[in-house]
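The structure appears below as structure tokens.
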Amino acid sequence: MRYAAQKGTRDILPSEIHNWQIAEKTFADVCHSFGYEEIRIPTFEQTDLFQRGVGDTTDVVTKEMYTFEDKGGRSITLRPEGTAGVVRSFIENGMTSLPSPVRLFYNITAFRYEKMQKGRMREFHQFGLESFGAQGPDIDAEIISVVDVFFKKMGLKNIALHINSIGCPNCRGEYNRLLKDYFRPHVSEMCEDCQARFEKNPLRMIDCKVDGGKDIVKNAPRLIDHLCDDCKAHFEGLKARLEAIGISYTIDPNIVRGLDYYTRTVFEFVSENVGTQGTICGGGRYDGLVEDCGGTATPGIGFAMGVERLLLETEAQGALKEAPSYVKLYIASMSEQAKIEALKICYALRLNGIGCETDMAGRSFKAQMKYAGKQGIPYLAVIGDDELASGEVKVKCMADGTETPVKLDGLVDFMTGK
RNA sequence: GUGGGAUUAGUUCAGUUGGUUAGAGCGCUAGUUUGUGGCACUAGAUAUCAUGGGUUCGAAUCCCAUAUCCCACCCCA
């Protein structure tokens with residue numbers, strides 16, 4: 001017990017890996033069915049990318065980044081999320097000139113220096129997706145339906161979709177003035193954080209947990225009621241599309257999203273099973289981000305899903321799957337010569353894609369049987385002097401006890417498809 | 001960053017007001033006459049009682065510090 005996994009990190013063990021693989025495969029399949037292609041980006045980027053991309057007033061950037069200086073004196077940061085890196089790659093690789101929309105998905109680890117609790121790790125996994133170049137609400141509805149289809153394929157139900165619009169820089173500026181006028185007489189009664197927010201980002205005051213119950217906050221003007229005509233039309237367009245597809249939602253004026261790059265549509269998929277914060281998947285539109293990161297102005301939208309939280313939810317809903325036995329056949333051997341024959345047979349079976357095992361531990365015959373049983377290996381064959389002489393084994397099906405005689409050279413054919 | 005709870009075998013947990021050599025279930029290894037598994041029975045291995053100090057004749061047990069885990073606040077996936 002000398003070494004332990006670092007705080008906020010953990011091992012994903014063989015006993016749980018099956019459900020990770022199912023989730024990864026399902027996510028990739030669903031994304032592919034929408035025309036998204038996988039991208040793999042580096043684990044670290046230059047610190048500046050996140051400061052600019054995510055926003056240097058956000059909690060994520062100001063207190064949660066793993067930042068260090070490398071041997072060349074560069075400031076490096078382990079990615080706290082995926083969008084900034086994908087945007088960097090999109091610009092750097094000239095994807096602007098690809099036909100719109102450019103649809104990308106990814107499966108990454110991300111790092112945030114945080115105090116842990118349920119559903120929150122310092123190293124965690126995200127499935128994410130970004131779509132560039134489409135500005136109408138069609139694409140908003142599309143990526144939300146990616147999540148919806150994915151949840152259905154995972155066997156998950158009742159994960160609530162919350163949507164909101166936080167407008168564009170134009171209507172938000174207008175609204176911020178309105179909010180400030182509204183809150184100005186009450187600032188002194190509010191919590192410390194809100195007093196700071198009043199100057200920096202009054203929008204977040206609405207989201208305050210401390211003052212959230214107060215009438216001042218409850219009755220504050222809502223951004224959703226003060227959108228400019230374009231933003232209003234966009235949001236109405238999204239609602240109409242979700243209704244047409246049959247995806248139910250609730251409008252939640254309080255979702256603001258803590259990352260600076262969001263504009264217009266923001267959304268969350270929320271559950272009660274993944275800890276108090278409850279968000280399994282969060283995303284939204286970021287029409288200014290590509291330009292902010294040095295590319296030509298390109299609208300974009302995306303989401304990220306916490307894989308640990310997803311699996312917490314899957315477990316809570318009883319939708320985890322049993323792992324299969326990859327090893328189909330155990331060959332027990334009764335002598336040195338038989339053991340060598342068993343090795344030869346196993347080699348041939350594996351060349352043909354059939355999982356099999358034979359004794360490696362020098363166990364007695366009886367202990368070999370016991371081992372095969374405990375491992376849940378579905379078929380069993382014994383090789384001893386008789387089999388070596390006759391060139392035929394009896395393959396026993398462990399589930400029903402039936403035995404089938406099979407020639408040694410016909411074993412591959414017999415096991416194929418089992 | 002703030003607060004609460006916890007830490008004893010691989011694992012889940014007992015362990016009395018401080019008192020001899022710290023226990024159990026599961027798991028693991030072997031065996032129950034060398035030709036057929038899961039069950040049962042028998043035996044065995046495995047613990048710096050998280051770490052470092054302190055109190056005491058004596059500490060897994062009481063005190064302090066540190067680390068880690070869990071939960072909540074904040075914020076996010």
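All figures in this text were calculated on a predicted structure; none of them were measured in a lab. Proteins get letters first, then strands, A, B, ... in listed order; numbering begins at 1 in each.
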Between U29(B) and C39(B), how far apart are the P atoms? Round to whole Å, please.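 Taking atom P in both C39(B) and U29(B), they lie 13 Å apart.
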If I pick the P atom on G25(B) and the same atom on A9(B), what distance separates them, to the nearest angstrom?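 Nearest-Å result for A9(B) against G25(B) at atom P: 16 Å.
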Searching all strands shown, indicate the nucleotide that pairs with C41(B) (Watson-Crick or G-U wobble; both distances under 3.5 Å).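 Check on C41(B): paired to G31(B), both distances under 3.5 Å.
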Suppose we define a pair by two distances each less than 3.5 Å, Watson-Crick or G-U wobble; what does G1(B) pair with here?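 Base partner found: C73(B).
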Upstream residue (5' side of RNA chain B) when Ala361(A) and Ala372(A) are each assigned their closest nucleotide: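 Looking at the nearest nucleotide for each, Ala361(A) comes out on the 5' side.
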Nearest heavy atom decides the nucleotide; on that basis, is Arg363(A) or Thr9(A) closer to the 5' end of RNA chain B?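 This one resolves to Arg363(A).
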Distance check: side-chain N/O of [X] vs OP1/OP2 of [N], anything under 4.0 Å?
X         : N      : value
Lys7(A)   : C69(B) : yes
Gln117(A) : C71(B) : no
Lys374(A) : C28(B) : yes
Ser335(A) : U34(B) : no

So, does the side chain of Glu114(A) form a donor-acceptor pair with the base of A77(B) at under 3.5 Å?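 For Glu114(A), whose side chain was compared with the base of A77(B), there is a donor-acceptor pair (under 3.5 Å).
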Base of U2(B) paired with side chain of Lys115(A) (donor-acceptor, under 3.5 Å):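 Result: at least one qualifying N/O pair found.
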Test Lys339(A) against Glu336(A) for salt bridge (charged side-chain N to carboxylate O under 4.0 Å, His left out), laying out the working first. CA-CA 5 Å; Lys339(A) 176 180 257 185; Glu336(A) 184 67 14; 5.3 Å; no
Ring geometry between Tyr261(A) and Tyr286(A) (parallel below 30°, tilted from 30 to 60°, perpendicular above 60°):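 Perpendicular, since the angle between the ring planes exceeds 60°.
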